[in-house]
Amino acid sequence: MDHSVKPAAALSASSSRRWALATSLCTLACLFLLSASLLLVAAGYRPFQPRAVAAWDRFSRLQKAASAPPARGSPDAAVAPAPGASSPGGLDWGQEDKEDAGPPAPAPAPAEEEGEDDGAGGDDSECDVFEGEWVEEPVGYPLYDAAECPFLSDQVACRRNGRPDSGYEQWRWRPRGCGGRTRLRGAEALELCRDKRLVFVGDSLNRNMWESLACILYAAVPDRSRTRIVDDAGSEYRIFRAMDYNCSVEFFWSPFLVKLETKINRTRALKLDQLPAMLQRTLGADVLVFNTGHWWTHTGKLRAWDHLERNGKMVEMEGEEAFNIALRAWAKWVDHSIDPSRTRVFFRSVSPEHKSVNWCYNQTFPISAGTVAPGFPKSLVTIVERNIKSMRTPVTYLNITHLSELRIDAHPSVYTITREGKPLTTEQQRQPLTYADCSHWCLPGLPDTWNVLLLDSLMRPPSNVHLLG
Ligand SMILES: *[C@@H]1O[C@H](CO)[C@@H](O)[C@H](O)[C@H]1NC(C)=O
Ligand SMILES: *[C@@H]1O[C@H](CO)[C@@H](O)[C@H](O)[C@H]1NC(C)=O
Ligand SMILES: *[C@@H]1O[C@H](CO)[C@@H](O)[C@H](O)[C@H]1NC(C)=O
Ligand SMILES: *[C@@H]1O[C@H](CO)[C@@H](O)[C@H](O)[C@H]1NC(C)=O
């Protein structure tokens with residue numbers, strides 16, 4: 001049965017039948033994956049293998065072969081997940097485990113720069129792709145047209161929602177001293193995705209990034225009838241597939257990375273040492289991109305949990321300590337479950353919001369430098385960076401916080417939808433304090449650059465976070 005991509009209108013007309021199909025297909029797939037992993041466990045499979053970058057050499061070769069000159073609200077309105085959203089199973093990673101305490105393995109040296117010169121100096125030793133500047137580049141940007149991407153969600157389809165300016169679509173990130181490394185066309189992105197499974201896991205901002213990549217790829221596919229998109233009603237799982245390239249890009253919604261469980265009496269427990277069972281479904285992916293952050297900072301009515309749990313018992317602690325325990329559980333799961341010779345692991349840094357001090361409303365130009373939105377607690381960023389450094393799996397840190405901070409112009413602002421999914425009325429658009437979304441990002445737009453940096457990084461050997469920046 002085909003879930004072919006159709007124009008948006010047709011998409012919704014046939015949606016319920018498709019959801020039913022998607023759900024049953026998905027259930028079958030889950031059962032299969034579950035039994036497969038049980039078999040592996042039963043067979044004593046321990047996926048620790050010598051670190052190898054061989055699989056990734058292919059990317060570099062490919063890059064050389066294809067080196068034709070490159071052409072020019074708060075995240076997820078923090079509503080509680082529907083009861084039943086959390087699966088009964090869970091992966092327990094709470095036990096302290098001596099075996100895990102080893103020092104981080106040395107990471108391979110960074111690859112030599114091989115891109116074309118950008119006129120910005122090509123000495124790669126100076127290159128940090130996350131430092132640089134935004135340059136206006138109306139030719140070549142955006143990487144796709146919003147109208148070309150039928151599954152672009154209403155939340156971030158700013159033009160469709162009436163945003164009058166389009167300059168925010170036409171900026172290219174130019175890293176300092178990195179040659180032409182951020183020039184990438186859709187066709188190259190597709191080649192990089194060939195025979196690959198890329199998986200995003202995290203909150204609505206990783207969904208924003210997933211949507212961006214799906215649009216970049218979709219716009220580049222020569223025969224668009226040979227693509228599929230499956231999207232569940234709750235937006236908790238999505239997959240885009242380009243069949244002729246055997247390329248798939250998935251999104252799993254998991255805003256805390258650890259398990260949020262809704263009990264029978266509707267009490268919501270955030271289990272700091274358990275990972276959601278669905279994470280097992282990500283195993284075997286070629287690329288995994290994680291994020292978490294904003295949901296930990298929500299307070300009051302927006303907070304998604306009623307209490308915290310550890311070792312099956314209710315605990316009370318500061319948010320920072322809880323965050324650290326959760327990240328340790330996640331790190332341990334990655335170190336035990338991911339085979340780094342098969343899977344490249346990324347962690348995307350915090351996506352900044354432009355509220356209070358530097359408000360996104362009415363902004364049409366990036367900020368060039370200087371102090372930007374303080375927003376997210378520095379302590380949580382430190383916890384993320386420290387945990388990643390101590391992992392044995394090489395994790396590439398997509399440190400997009402700073403370059404995104406400059407893009408005050410790139411949020412949907414009032415060109416978005418309400419929590420009920422309706423476009424803002426003119427009346428609502430006049431009340432930006434209540435309705436503007438200064439957390440997510442318009443598409444096409446900033447997340448396209450996050451993906452360009454992700455794909456660029458796939459062409460290089462993995463490195464641990466401490467080698468960056
Ligand atoms: C298709 O891609 C998957 C990874 O998603 C890979 O395991 C498989 O070998 C590929 N199939 C072919 C025929 O190359
Ligand atoms: C809900 O159930 C949990 C155990 O499943 C219990 O610990 C908690 O106190 C209950 N909450 C309320 C409000 O009844
Ligand atoms: C935003 O821009 C509109 C149109 O230019 C203007 O009428 C309005 O006063 C501006 N609002 C703020 C808060 O700057
Ligand atoms: C990430 O980027 C920020 C700002 O550019 C920098 O201060 C920080 O050290 C970087 N983090 C890492 C781990 O490289």
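Counting starts at 1 for both ligands and their atoms, following the listed order.
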Handout entry: Which of the ligand 4 atoms, numbered from 1, are nearer than 4.0 Å to a heavy atom of E385
Key = 11 (N), 12 (C), 13 (C)

Exercise for the section: For residues N291 and F346, determine if any side-chain heavy atom of one lies less than 4.5 Å from a side-chain heavy atom of the other. Expected result: no

Problem - Atoms of ligand 4 close to N399 [distance to a heavy atom under 4.0 angstrom, numbered from 1] - result: 1 (C), 2 (O), 3 (C), 8 (C), 10 (C), 11 (N), 12 (C), 14 (O)

Exercise for the section: Report, in ascending order of atom number, the atoms of ligand 4 lying under 4.0 Å from any heavy atom of H402. Expected result: 4 (C), 5 (O)

Exercise for the section: Would you check if L270 and K259 make a side-chain contact, meaning some heavy-atom pair closer than 4.5 Å? Expected result: no

Practice task
Kindly state whether the ring of W450 and the ring of W210 have centres lying under 6.0 angstrom apart.
Solution key: no

Practice task
Find out whether Q274 and V258 are in side-chain contact, i.e. whether some heavy atom of one side chain is under 4.5 Å from a heavy atom of the other.
Solution key: no

Problem - Presence of salt bridge, R185 and E191, under 4.0 angstrom - result: no

Exercise for the section: Verify the distance criterion only: is there a donor paired with an acceptor across the side chains of R344 and S457 at less than 3.5 Å? Expected result: yes

Problem - Heteroatom distance test (T267, ligand 2): nitrogen or oxygen, under 3.5 angstrom - result: yes

Problem - Basic-acidic side-chain contact under 4.0 Å: D273, K271 - result: no

Practice task
Compare all side-chain heavy atoms of E133 with those of L406 and state whether any distance is below 4.5 angstrom.
Solution key: no

Practice task
Ignoring angles and geometry beyond distance, decide whether E131 reaches within less than 3.5 Å of ligand 4 through its nitrogen or oxygen atoms.
Solution key: yes

Exercise for the section: Heavy-atom cut-off of under 4.0 Å around ligand 1: list whichever protein residues fall inside it, by chain and number. Expected result: D195, K196, R197, N246, D286

